[in-house]
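Here's the structure, in structure tokens; my notes come after.
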Number of protein chains: 2
Amino acid sequence: MHRQPMYRVINEDLAAQIQGGVFSSGDQLPNEHDLAKQYGVSRMTVRQALNLLEEDGLVARRHGIGTFVSEKSRRGRRLNRLRSFSEELGSAPDNITSDVVRAELVYPPKDVAEALELASDDSVSRLTRVRRVNKEPAALQDAWIPYSVAPGIVREPLIDNSLYRTLAERHGVALRWADQSMTASLLGKEEARSLGIEPGGAVLHGLRTTYSTENRPVEYTRGWTLPEFPLLLRIEAE
Amino acid sequence: MHRQPMYRVINEDLAAQIQGGVFSSGDQLPNEHDLAKQYGVSRMTVRQALNLLEEDGLVARRHGIGTFVSEKSRRGRRLNRLRSFSEELGSAPDNITSDVVRAELVYPPKDVAEALELASDDSVSRLTRVRRVNKEPAALQDAWIPYSVAPGIVREPLIDNSLYRTLAERHGVALRWADQSMTASLLGKEEARSLGIEPGGAVLHGLRTTYSTENRPVEYTRGWTLPEFPLLLRIEAE
DNA sequence: TAGTGGTCTAGACCACGAG
DNA sequence: TCGTGGTCTAGACCACTAT
């Protein structure tokens, strides 16, 4: 019956209406009671949909007042939900390209083995990509995936340049959550060569371990992002 | 009756039990039905509490299996919820100190005026602090608060070294959410002098605009964090 | 099959903010 | 006062996973 849960359908419908200009910045949405009637669901279900919109920064709720469309967010990588690089950027995907600079089957170095809970003689797929926005290098991403999770992923091109889409659609791996750390570092020689820029500049250095719905680590990525492409985050109060 | 909503009471009780070792890493929590009976609430209310624990990375749910305590998180600043610096670090507050290096009433530069929606002749409180962990400099935070939001905040010491606690308890300002950007940069001379370290190193550079429950910007902070103190983030799937 | 979390109902009352 | 979002009930059925 519900291929997708109703709250997700409603969330996507309202998000599309906001992105499509049916509601503009500052507009008030219909109240929760009316939305429930309109979609033929209970108010609790509407609230689940609105919670997602709020976490994504698309709407802001005001107790006693109403729910309002937020100002159009600045360009940037929104990290609030687990998304592909291009979805994070929110740009037209035309401007975003991906060059695979390495795709091979190897044994994991220590940090990778630890993050992915592997032995040192377990095979791992390593996929290194340069992401560009309008042809300018934006980030280097060095992803490691246990061989058993996605056999052959290094042998075929990714679906739509998206590792996450490929894991989901070709290998049936559903992602659930990720632990990400971020710090600053100076760009090393090897990474600079891959990016085609000078080494020594400040870059955002991220480490991400992504877990499947079975809570097994399925991807570990080291990323270096140039400072022109800041990460954005919406943080809620407790 | 409910000074705090029940789901928050349950959330804090379970969090305390996990932090206090009643449940250890990998332990399974009682199922939702039993928790509901135990706390005398409905299952939906228990689920609200568990959602918060999951977003904070304290537990992981597995559909059809159960809810389990996550591995003890590494030391680091968890950015998933709007918290004070010491709460983000999660360390014993003894190790964290705060030196106020600037506290004055000024007119806002352009970026501050824009973020806080002020005119160039509106007064702003500027509060610059060096945060240290075990006496080592960890971050420089340059906070700007509209004078009208918290008059006199530069004239008195902060409550418990916490800007957020002071805003809440002394000025009645309840924070709701923040937009944060993060990028990397090289530490400038002035910031290096405040931190007492050499300039030119890579640092995490953050900009945060914090909004009150009335969705008015009440704080804009520029932050420079040394790479030894990475930010951590739990990211959920869509 | 048994037990778990995921979704959803059809209400109720409370808390907040504007007029 | 009135309309809004915030919290909560007491169930129901579905989807998933292990056995």
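What you are looking at is a predicted structure, and each value in this text was computed from that prediction instead of being measured. Letters A, B, ... are given to chains in the order of the sequence lines, protein chains preceding strands, and every chain is numbered from 1.
Between the side chains of B:Asn51 and B:Arg61, at least one donor N or O sits under 3.5 Å from an acceptor N or O.
Atoms CD (A:Glu32) and P (C:dG11) sit 17 Å apart, rounded to a whole Å. With rounding to whole Å, A:Asn11 atom CG is found 12 Å from C:dC8 atom P. Here D:dG5 presents its P atom at 17 Å from CH2 of B:Trp177, a figure rounded to the nearest Å. Between the CG atom of B:Asn215 and the C1' atom of D:dT4 there is a distance of 14 Å, given to the nearest Å. Rounded to an integer number of Å, the gap from CE of A:Met6 to C1' of D:dC14 is 16 Å. The distance between atom CZ of B:Arg8 and atom C1' of C:dC14, rounded to the nearest whole Å, is 16 Å. Here D:dT9 presents its C1' atom at 13 Å from CD1 of B:Ile10, a figure rounded to the nearest Å. The CD-P distance, from A:Gln28 to D:dG5, rounds to 7 Å in whole Å.
Residue pairs meeting the side-chain hydrogen bond (donor to acceptor under 3.5 Å, both in side chains) criterion with at least one partner in residues 148-157 of chain B, sequence neighbours excluded, are absent. Sorted by first and then second residue, the pairs that involve residues 110-122 of chain A and meet salt bridge (charged side-chain N to carboxylate O under 4.0 Å, His left out), not counting sequence neighbours, are A:Asp111-A:Arg222.
B:Leu204 and A:Met182 make their closest contact through CD1-O, 3.6 Å (heavy atoms, listed as atom of the first residue, atom of the second, distance). Taking both residues in full, the closest heavy atoms of A:Glu32 and A:Val46 are given as O-CG1, 4.1 Å, listed atom of the first, atom of the second, then distance. Taking all atoms of both residues into account, the shortest heavy-atom contact from B:Pro108 to B:Ser120 is CD-O, 3.6 Å.
The environment of B:His33 atom NE2 is sparse: at most 12 non-hydrogen atoms of other residues, nucleotides or ligands sit within 6.0 angstrom. Under a cut-off of 6.0 angstrom, the local environment of CZ in A:Arg216 is sparse, with at most 12 non-hydrogen atoms contributed by other residues, nucleotides or ligands.
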What pattern of brackets, bars and dots sums up DNA chain C from 5' to 3', given Watson-Crick or G-U wobble pairs under 3.5 Å, [ ] for crossing pairs and | for another strand? ||||||||||||||||||.
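Put simply, the side chain of B:Gln28 gets close to the backbone of B:Ile65: a donor and an acceptor are under 3.5 Å apart.
Partners of B:Trp177 under the ring-ring contact (aromatic ring centres under 6.0 Å, His included) rule, at least two apart in sequence or in another chain, are B:Tyr211.
Side-chain N/O atoms of B:Tyr7 include none lying less than 4.0 angstrom from OP1 or OP2 on D:dC8. Close to D:dG3, at under 4.0 Å from its OP1 or OP2, lies no side-chain N or O of A:Asn31. B:Arg61 has no side-chain polar atom (N or O) that falls below the 4.0 Å cut-off from OP1 or OP2 of C:dT4. Contact check, A:Ser42 against C:dG11: no side-chain N or O comes under 4.0 Å of OP1 or OP2.
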Using side chain to side chain contact (heavy atoms under 4.5 Å, CB included), reason through A:Trp144 and A:Val106 one step at a time and then give a plain yes or no. CA-CA 9 Å; A:Trp144 306 72; A:Val106 294; 3.6 Å; yes
Step by step, work out the side chain to side chain contact (heavy atoms under 4.5 Å, CB included) result for B:Arg234 and B:Glu55. CA-CA 7 Å; B:Arg234 159 75 64 115; B:Glu55 284 169 29; 6.0 Å; no
Pairwise N/O distances under 3.5 Å, protein to nucleotides 17-19 of chain C:
none

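Contacts with DNA chain C (heavy atom under 4.0 Å) in residues 43-52 of chain A: A:Arg43, A:Met44, A:Thr45, listed by number.
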